Structures are given as C-alpha cells and as structure tokens.
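Each remark here refers to the structure printed beneath this line.
Note that the structure is predicted; figures quoted are calculated from it, not measured. In listed order, ligands and their atoms are each counted from 1.
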Amino acid sequence: MKNLDVYPIPVLARDLPDDGVAVAIDALRATTTITTALANGADCVTPFETVEETLQAKATIARERPELAARITLGGERGGLPIDGFDLGNSPRSYDRAAIENKILYFTTTNGTKAILTCRGRVLLACYLNADAVARRILTSDAERVSIVCAGTGGAFTEEDLLLAGLLTDRLTLADRNFALNVQAEVAREMWRREAETPLVEKLRASRGGQNLKRIGLSRDISDAARLDALDVVPECRRVSDFPNVEIRLGSARESQ
Ligand code: MLT
C-alpha cells in the first residue's frame, strides 16, 4: 500500500519525509495566484515567509545580479491587501500575461508561502484550477507517500483548503485503490463527497477564506479561484544552489514518468 495523508495545517506536517511527494494548498489565494502567474508565462516564483526577507532578497539581487533586477516583480499580501511598495497583490487576475510574462516573482503571503516552505520532498502546488493536472502528476509518479499540506489561516484549518484536499483524495483513490488514508484524508474526502451537488463557487464563498475576501471587497477572486480544472499546469518547487535557494517553476510531465 501507498500512503496518502492530509495535514489540515502546516504545523502538523513539520516532519515530512524527503522521498515523498508533498502537495501544498492555499486555494484562497496563494497557490491559485502562483499557478496563474506561471501559466501566464512567469519565469519562476520564489516564496518568502516575510516581507522583510522578500525586500532583502530583491536588494541582494540588485547588488549581485543587476542584469536580473528589472525582471523581479514583488507580489503578495498582508491582511489580504497589497503590500506597500510591492508591484502586485494576491489577486490571481492581476497576474495576466502583460503583467507577469518572463518575470521572476518574489512572493510572500500570510499563510500560503509559509505552507509551501514547510513541505519537503518533491513539492507540487495545487489549487482548484489545476486539480486534475496535479492528480494526474501524482498518479504518474512512483511516490510511496503523498502528503497534502493545507495552509489554513493563522494556525486554524479552513474549509476551502480541506475541500480541495478532499477532492484530490477522492480523485486519487478512485484512480488507484492502493492508497492507505490517514483519518484527516478520510474526513476531507467525505466533506468533498457530501457537498458534491453544491456549486464550488458557493462552497468557497461560504468558507472562512471566502468570507475574508468578501469582507475586503475581493469577491471576484473567489469565482476566479473556483474555475475547476481550467489550467493544465503543475507548479513544482525546487531547491537550487543559487540565491535565494527555492524556486517554483512549471514541472514537465515527462520528468515524473
Ligand atoms: C494566505 O497566504 O494567507 C492567503 O493567500 C491570503 C489571501 O487570500 O490573501
């Protein structure tokens, strides 16, 4: 049997093995925004935990690799809103081709980028837009252990992330009966199946992240994030020897076969 474990918040996933596949989820909105940026031609994305680290990394690149400085775009949010001095916020639709093609995105969000940096092993990023592509990528990998890590909000789990974990678990277990699930994976799959008839956008609007976005006037980001299976791309995290050490690019299906 292979293992499929869901972790509702990142702190529970601190000891992931180096030889498994980890899937980071922050459906509203970090992984949706990163996936959109890469699908629209961003060269790569580097996730940071803090605003300070992000600004320092840009200053270091400007000093050491001045030829790259013009291609760096700063993006992310605090309190859901764009960060002072940054180029872009955390709304997927602001990462269109005109804004992001060929750019190197330095990105920090409140919970999502921390969750991504918690993951170990081969790290993929999932959102509703690329759920099918991520499930297919996992099924064609030879991983014995798949860990789905939800970002949550401020250390509490959120429905929008757990539902996506449940959707992935549902699709993976329908395609391959050799997965043993942890309890959280079973609960997430049940959540997804129980609400199968409700339109996804309604479920996201009712979720904690959806309510937060409504409160700050960003409801349209919820419908953008609810475009199930709209993108056939899988962002993948790599540790690189070059500064700043972690980058997210579109992985190619061939590499996983
Ligand atoms: C996060 O990282 O907490 C989210 O992406 C927040 C947001 O939707 O802006």
Side-chain angles (χ1 to χ4, degrees), residues 7-13 22-40 42 45-55 57 73-96 99-100 105-119 123-131 134 148-165 200-201 203-227 231 235 237 246 248:
Y7 297 91
I9 50 172
V11 73
L12 301 174
V23 182
I25 291 177
D26 183 6
L28 294 176
R29 299 165 285 169
T31 53
T32 301
T33 300
I34 293 172
T35 302
T36 303
L38 289 167
N40 283 333
V45 180
T46 292
F48 293 93
E49 280 203 22
T50 67
V51 172
E52 293 69 30
E53 283 169 357
T54 315
L55 291 169
T73 294
L74 299 184
E77 57 71 34
R78 284 299 178 271
L81 299 171
I83 299 163
D84 272 352
F86 277 41
D87 304 297
L88 295 169
N90 193 20
S91 288
R93 71 169 59 192
S94 47
Y95 290 78
D96 60 11
I100 205 63
L105 176 61
Y106 282 7
F107 193 66
T108 182
T109 68
T110 313
N111 303 283
T113 49
K114 285 195 188 86
I116 294 166
L117 291 165
T118 298
C119 291
V123 181
L124 311 179
L125 269 57
C127 57
Y128 290 97
L129 304 186
N130 72 346
V134 170
I148 302 180
V149 180
C150 302
T153 294
F157 83 84
T158 52
E159 301 88 340
E160 70 271 16
D161 291 343
L162 216 49
L163 271 175
L164 176 54
L200 177 57
V201 70
K203 291 188 271 209
L204 296 186
R205 281 192 193 118
S207 69
R208 183 191 296 247
Q211 293 293 316
N212 287 343
L213 288 172
K214 266 207 275 197
R215 210 171 16 251
I216 56 176
L218 293 175
S219 296
R220 66 181 192 188
D221 288 358
I222 305 171
S223 32
D224 289 347
R227 292 164 51 235
L231 297 177
C237 229
V246 178
I248 304 168

| said: Distance under 4.0 Å to a non-hydrogen atom of Asn111: what atoms of ligand 1 satisfy this? | reply: 1 (C), 2 (O), 3 (O)

| Relative to the heavy atoms of Ala30, which atoms of ligand 1 are at a distance of less than 4.0 Å? | 5 (O)

| query | Taking all atoms of both residues into account, what is the closest heavy-atom pair of Tyr95 and Ile100, and its distance? | reply | O-CG2, 3.8 Å

| note | Closest non-hydrogen atoms of Thr158 and Gly152, given as atom of the first, atom of the second and distance, are OG1-CA, 3.7 Å

To the nearest 0.1 Å, how far is [atom] from its closest protein heavy atom, and which atom is that?
{"atom": "atom 9 (O) of ligand 1", "answer": "Arg29 NH2, 2.6 Å"}
{"atom": "atom 7 (C) of ligand 1", "answer": "Asn90 ND2, 3.3 Å"}
{"atom": "atom 1 (C) of ligand 1", "answer": "Asp26 OD2, 3.1 Å"}
{"atom": "atom 6 (C) of ligand 1", "answer": "Glu77 OE2, 3.3 Å"}

| request: Return a yes/no value for Leu28: is any of its N or O atoms, backbone included, closer than 3.5 angstrom to an N or O of ligand 1? | output: yes

| task | Before signing off on this row, confirm whether Gly152 and ligand 1 have an N or O atom pair separated by under 3.5 Å. | result | no

| query | Side chains of Thr31 and Asp26: is there a donor and an acceptor less than 3.5 Å apart? | reply | no

| Donor-acceptor side-chain pairing of Ser207 and Glu160 below 3.5 angstrom | yes

| message | I'd like to know whether the aromatic ring centres of Phe48 and Phe107 sit less than 6.0 Å apart in this structure. | response | no

| query | Above 12 or not: heavy atoms from other molecules or residues under 6.0 Å from CZ of Phe157? | reply | no

